[in-house]
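Read the structure below first, then the notes.
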Amino acid sequence: MKVLKISCGADLAPIECINPRRDRWAVRWDIHQEQDAGWFASEVVVDHRPTVEEIREIITAHIDATTQNDIVNGFSWKGKPVKLTDTAQRNFLFAVFTVDRTGEIDREQFVGLLDAQTDAEAADELADMVSAIWEHIQQKRADGIAAKNAVDFSKYAL
């Protein structure tokens, strides 16, 4: 299902039949005004009148996907973007675990991320980076939960 960001007005209907002959309905949410840019909303068009539960699934799935994208692509360390794929997250945690257990760090895998000159400094910097990663993930998850809780699904009941 394709979610579009549309330009709109403040009084945009959250659900509307846009083509009665083909039974096409537009579901809209996150109607907001952007500073100096006007009003926008997220919209999905479906080929039947959706139930409130279907709308809940559509909106929740979109918020979950946006949250995951923000986690993966929204982190930077010392001004450098760091892509936090599931594999990258596991690798960072494994590196900290290895440093904790053995006291050794393989700095080659962190070339360009860590500025430390010694293994001890690199271990400390890696711990700081993983701590910042964890805070980033927690914040993005909290933002996603807040976005889901902010949706008033009662306005979709016709």
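For clarity, every value in this text was computed on a predicted model and none was experimentally measured.
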In Å, rounded to the nearest 0.5 Å, how long is the span from CG of Asp70 to CZ of Arg141? 13.0 Å
Other residues, nucleotides, ligands: >12 heavy atoms within 6.0 Å of Phe97 CZ: no
Can His136 and Gln138 be counted as having a side-chain donor-acceptor contact under 3.5 angstrom? no
Within one Ile-Leu-Val-Met-Phe-Trp-Tyr cluster: Leu4 and Ile58, side-chain cutoff 4.5 Å: no
Do Gln68 and Asp64 meet the criterion of a side-chain donor-acceptor pair at a distance under 3.5 Å? no
Could you tell me which non-hydrogen atom of Cys8 sits nearest to which non-hydrogen atom of Ile31, and how far apart they are? SG-CG2, 4.3 Å
Run the side-chain contact (heavy atoms from CB on, under 4.5 Å) test on Asp47 and Asp23 for me, step by step, so that the C-alpha distance in whole Å, both residues' side-chain angles and the decisive distance to 0.1 Å come before the verdict. CA-CA 6 Å; Asp47 60 0; Asp23 198 25; over 6 Å; no
Hydrophobic cluster membership, Leu12 vs Trp25, 4.5 Å side-chain cutoff: no
Can you find a pair of side-chain heavy atoms, one from Ile55 and one from Ile15, that are under 4.5 Å apart? yes
Are any side-chain N or O atoms of Thr98 and backbone N or O atoms of Phe94, one a donor and one an acceptor, separated by less than 3.5 Å? yes
Taking side chain as C-beta onward, heavy atoms only, is Glu43 less than 4.5 Å from Val27? no
Side chain to side chain, Cys17 and Arg49, heavy atoms closer than 4.5 Å: no
Euclidean distance, Lys140 NZ relative to Ile145 CD1, rounded to 0.5 Å: 13.5 Å
Do Trp29 and Pro14 have side chains that get closer than 4.5 Å, going by heavy atoms? no
May I ask you to test the Trp77-Asp128 pair for a side-chain heavy-atom distance under 4.5 Å? yes
Quick check: does any side chain N or O of Glu54 sit under 3.5 Å from a backbone N or O of Thr51, one acting as donor and the other as acceptor? yes
Would you kindly confirm whether Leu93 and Ile137 end up in one hydrophobic cluster when ILVMFWY residues are joined by side chain heavy atoms under 4.5 Å apart? yes
Check: Thr85 side chain, Ala88 main-chain N or O, donor-acceptor pair, under 3.5 Å: yes
Which heavy atom in Phe75 sits nearest to a heavy atom in Met129, and how many Å separate them? CZ-O, 4.2 Å
Can you find a pair of side-chain heavy atoms, one from Phe40 and one from Ile6, that are under 4.5 Å apart? no
Please check if the side chain of Tyr156 supplies one atom and the backbone of Glu53 the other of a donor-acceptor pair under 3.5 Å. no
So, does Gln89 use its side chain to make a donor-acceptor pair with the main chain of Leu84 at under 3.5 Å? yes
From CA spacing to verdict: salt bridge (charged side-chain N to carboxylate O under 4.0 Å, His left out), Lys78, Glu125: CA-CA 11 Å; Lys78 295 186 176 181; Glu125 190 174 350; 2.8 Å; yes
Donor-acceptor pair, side chain of Arg28 and main chain of Ala13, under 3.5 angstrom: yes
Side chains of Thr67 and Ile63: does their closest heavy-atom pair fall under 4.5 Å? yes
Could you measure the distance from the OG1 atom of Thr66 to the CG atom of Asp143? Nearest 0.5 Å is fine. 11.5 Å
Contact check, side chains of Asn19 and Val45, non-hydrogen atoms, under 4.5 Å: no
Test log, rule side-chain contact (heavy atoms from CB on, under 4.5 Å), inputs Asn73 and Lys83: CA-CA 5 Å; Asn73 297 308; Lys83 201 168 192 89; 2.8 Å; yes
